[in-house]
Amino acid sequence: MNNKILVTLEFDQIKAQVSQSLSTSQGQAEMQDLAPITDRDRIQKWFAELVEFGNIVQENGPVPLANTADLTEILRRIELDASLASQEFAKIKKVLRLVNETRRFFEHSVNVSFPVLSQTLDKFVDVGYLLGLLQIIDSAGALADTASSHLFSLRQTIKKSDSDVKKILAEILSKSQDHLTENIITIRQGRPVLAVRSDSKNKIPGVVHDMSASGQTFYIEPNRVVTLNNDIAQKRIEEKNEVARILRELAEAIKPHTPDIRQNTWLIGQIDLINAKYRYQLANKATIPTISDHKAIKLYDARHPLIDPKTVVANDFFFDQTLETIVITGPNTGGKTITLKTLGVAQLMAQSGLPILADHGSQVGIFTEIFADIGDEQSIAQSLSTFSSHMTNIVKILGQVDHKSLVLFDELGAGTDPKEGAALAISILDFLKARHAKTLATTHYPELKAYGVETEGVENASMAFDLDNFKPTYRLVQGVPGRSNALEISRRLGLDSSILAEAAGFLTEDEHDVNVMIASLEQKNQYLTTSVANIRILEKENKLLHQDLSKSVETFKRDREKALNEARQEAQDIVKVAIDEADTILKTLQDKSLLKPHEIIEAKHQLGELAPELVDLSKNKVLKKAKAKRGLKPGVEVLVLSYNQRGNLIRLAKDGRWEVQMGLITTKLSEDEFDPIESEEITKKVKTKAVKKTVTAHIQAQLDLRGTRFEEAQKQLDDYLDQALLANLHQITVVHGIGTGVIREMVREYLQRSRHVKSYTYAPQNAGGSGATIVTLK
């Protein structure tokens, strides 16, 4: 898009408003490059990201952004193997830490989904390794003592020597106060010295580093500390070299990752820019418009962002697909120019991915170019008149305009003879209309009122004027041409009535009728405008109410699911305790030989069925519908396949299983564990099916535990023994292999403890030998 329109509509000042909410230098760079584009999909993505970002912030609080430095030059110097100061590494560390915090914020965001924004967030590169390297740099940019063992040793030595020097100098100070002009330790030429009186310089032997201007004071480094200070100076040189070495190695380690750092800093800039847009949207009550398919523009309560919010007047614009030209007629005062700029600015902001200052439901088009001829462009340097300057600009515009252009003309044809100016303005509008360009033009020529009425695809508009208070309202009235209020204003200002009567006589009957018609249209328009405004207020309230209700319903569903799952979990815990206690009781009964083994196993199975499962309620609805189709309902008689016993359905449990009453026993069964008994014939088929199932599903007389882990093997053995007892098997074989002998020993210990085992022995050599155990059951 041409730069001239950005200057004319002061787009940089609008960007500066948004920039106030930026935190990072990367975000500032992104804002600097922000400009209108024509890629519809990309604009839609920008808007979708902004919507999702707002949802995230509303649910999870603000994104943790912070001030950061621009790393462009630092990364370039790393790639050129240039030396970097530790403070520059601290700037890198701060950005990478911000990257980590930002990623963590979005990863931990709850109660919201953001599929579009995730496409950007997924491009972040993990920087944990680099942050680990940079831990040797603190936030102030100082290199930690522990950066290397040699550096640690050097700094410890320097600290100790410094302490020794201070002690010696303090001792000399306390003993030689009569020879000193100042009772302090000072620094000269980087060495600690004492201020000694000139007549006492021989009393404190040492190296003279400086003398006062009066010559009365000599700054002497006592001999007692010279050697120590020399050692310190030498150690500081070594420290400096060691620091340079460490920083050089650090730069070499970071160098391969500079593309990743650039990627992350760019992404931080993107997030910062989105955050600034969102904060601008909240602060200015801006909205995200929809994008029309056919260049249609529909703005509700549109405001200009550079006008004080306390004084700005909001206007509606309706520039639909069939309408190609709007002509705003009327006097020069009244806000026509601001109206032009408001429409143009809204388009520039929307095509830059910025929220616009308009109400919900607003719509914008996509234009490849926006042209404008606004304001006084008289050129003194080129000796051009106002008319010539405007016409030069218009000629350039007409040479570039096409059906994808939006054209804004202020006072079209002004600055020349009214009749010629009006004729020229109509011709220019016809030219633009023929090329199907969207055009919004202002003029004070009355001839264009008739043009707006008589020409298809052209609409009149005007700026309302408050006659009672003698001031413009700055409100746009579409469909109604402007009318002159000169005679009425003059009358109220006290102009002689004879002059007014004579002036009215000069008006033709048609001109008088037109003014009467316009006044009538204005009244009707005002009524319709008020009615529409009231309807829109109701629509907005209904929309907000719907949003609040929807959010409340979602919250209720979430809380209900959470509460139900907590209840189920609590029930599971209670049942588990009950099962453990019941198991203890059954074991005691078993020890006393009061119950048969298969009865104990069956009782344990029934107790285990008491535990509810955590399920999704939506799935339960599907299960209920499926069961309704089969005609299953409480009271229906069924055949339990595993026991070949009749029972009756009692109720459908929350976990999707049926409670079935079989005599004195009540158990829970899934639908595939029973069949409804509908007739005697079906019952016979079911019995046959149950018998076949029992025959074909008989348990094997051998259990193979080879390759199984210890805990799993123990569980399999326990379950298998229960099944073998139920199947009335007399003898079974447990294949455990030889291996390390761990599984084999577990099997023998288990069999030795079991009261259901009569005897056990290794298999014959030709049947596995010590790799298998033959068990005889009671």
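All figures in this text were calculated on a predicted structure; none of them were measured in a lab.
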When rounded to the nearest 0.5 angstrom, what is the spacing between [atom1] in [X] and [atom2] in [Y]?
X      : Y      : atom1 : atom2 : answer
Gln716 : Leu721 : CD    : CG    : 13.5 Å
Leu65  : Phe105 : CG    : CZ    : 9.0 Å
Leu725 : Gln723 : CG    : CD    : 10.0 Å
Leu71  : Lys94  : CG    : NZ    : 11.0 Å
Leu143 : Ile137 : CG    : CD1   : 4.5 Å
Glu711 : Met746 : CD    : CE    : 9.5 Å

Taking the side chain from [X] and the backbone from [Y], do they hold a donor-acceptor pair closer than 3.5 Å?
X      : Y      : value
Ser25  : Asp70  : yes
Ser754 : Tyr750 : no
Glu673 : Ser670 : yes
Ser86  : Gly141 : yes
Tyr760 : Val747 : no
Asn100 : Val127 : no
Asn60  : Ile56  : yes
Ser118 : Leu121 : no
Glu52  : Val116 : yes
Lys93  : Leu131 : no

Is there a side-chain contact between [X] and [Y], using heavy atoms and a 4.5 Å cut-off?
X      : Y      : result
Arg76  : Leu80  : yes
Ile274 : Leu50  : yes
Leu96  : Ile261 : yes
Pro676 : Val636 : yes
Phe89  : Leu134 : yes
Leu133 : Leu250 : yes
Val757 : Lys778 : no
Ile732 : Gln702 : no

Requested in this report: Check the pair Phe124, Gln263 against side-chain contact (heavy atoms from CB on, under 4.5 Å), reporting the backbone distance first and the verdict last.
Outcome: CA-CA 7 Å; Phe124 272 113; Gln263 172 85 348; over 6 Å; no
Is a salt bridge present between [X] and [Y], judged by a nitrogen-to-oxygen distance below 4.0 Å?
X      : Y      : value
Lys715 : Asp719 : yes
Lys277 : Glu49  : no
Lys159 : Asp145 : yes
Arg103 : Asp126 : yes

Nearest heavy-atom neighbours spanning [X] and [Y]:
X      : Y      : value
Pro764 : Ile774 : CD-CD1, 3.9 Å
Ile246 : Ala147 : CD1-CB, 3.8 Å
Phe106 : Phe114 : O-CZ, 3.5 Å
Ile288 : Val51  : CD1-CG2, 3.4 Å
Val63  : Val57  : CG2-CG2, 4.4 Å
Thr667 : Leu669 : CG2-CG, 3.9 Å

Query raised in the report: Which of parallel (below 30°), tilted (30 to 60°) and perpendicular (above 60°) describes Phe53 and Tyr278?
Result: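 Correct class here is perpendicular.
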Determine whether the side chains of [X] and [Y] contain a donor N or O and an acceptor N or O closer than 3.5 Å.
X      : Y      : value
Thr776 : His730 : no
Ser153 : Gln156 : no
Gln26  : Thr68  : yes
Thr24  : Asp272 : yes

Report task. Walk me through it: do Arg97 and Glu101 pass the test salt bridge (charged side-chain N to carboxylate O under 4.0 Å, His left out)? Result -> CA-CA 6 Å; Arg97 182 176 291 162; Glu101 292 173 355; 5.3 Å; no
Report task. Please report the C-alpha distance between Glu88 and Arg77 in whole Å, then the side-chain angles of each, then the deciding distance to 0.1 Å, and finally whether the salt bridge (charged side-chain N to carboxylate O under 4.0 Å, His left out) criterion is met. Result -> CA-CA 11 Å; Glu88 292 173 306; Arg77 289 173 56 207; 2.3 Å; yes
Query - side-chain contact (heavy atoms from CB on, under 4.5 Å) between Val775 and Val734, intermediate numbers included - result: CA-CA 8 Å; Val775 183; Val734 180; 4.2 Å; yes
Query raised in the report: Should Leu649 and Val638 be marked as a side-chain contact (heavy atoms from CB on, under 4.5 Å) after you check the CA-CA gap, both sets of side-chain angles, and the distance that decides it?
Result: CA-CA 7 Å; Leu649 299 181; Val638 297; 3.8 Å; yes
Report task. May I have the step-by-step check of side-chain contact (heavy atoms from CB on, under 4.5 Å) for His736 and Arg706, ending in yes or no? Result -> CA-CA 5 Å; His736 41 67; Arg706 289 175 295 181; 5.9 Å; no
Query raised in the report: Under the salt bridge (charged side-chain N to carboxylate O under 4.0 Å, His left out) test, which residues partner Asp81, sequence neighbours left out?
Result: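 Applying salt bridge (charged side-chain N to carboxylate O under 4.0 Å, His left out) to Asp81 gives Lys255.
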Report task. Go through the structure and list residues passing side chain to side chain contact (heavy atoms under 4.5 Å, CB included) with Ser770, not counting sequence neighbours. Result -> Ile738, Arg744, Tyr762
**Report entry** Heavy-atom neighbours of Arg40 CZ exceed 12 at 6.0 Å
**Finding:** yes
Requested in this report: Return each pair, listed once, that meets side-chain hydrogen bond (donor to acceptor under 3.5 Å, both in side chains) where at least one residue sits in residues 244-254; pairs must be two or more places apart or across chains.
Outcome: Glu242-Arg245, Arg245-Glu249
Report task. Check the pair Arg262, Glu79 against salt bridge (charged side-chain N to carboxylate O under 4.0 Å, His left out), reporting the backbone distance first and the verdict last. Result -> CA-CA 12 Å; Arg262 278 198 185 89; Glu79 291 171 338; 2.7 Å; yes
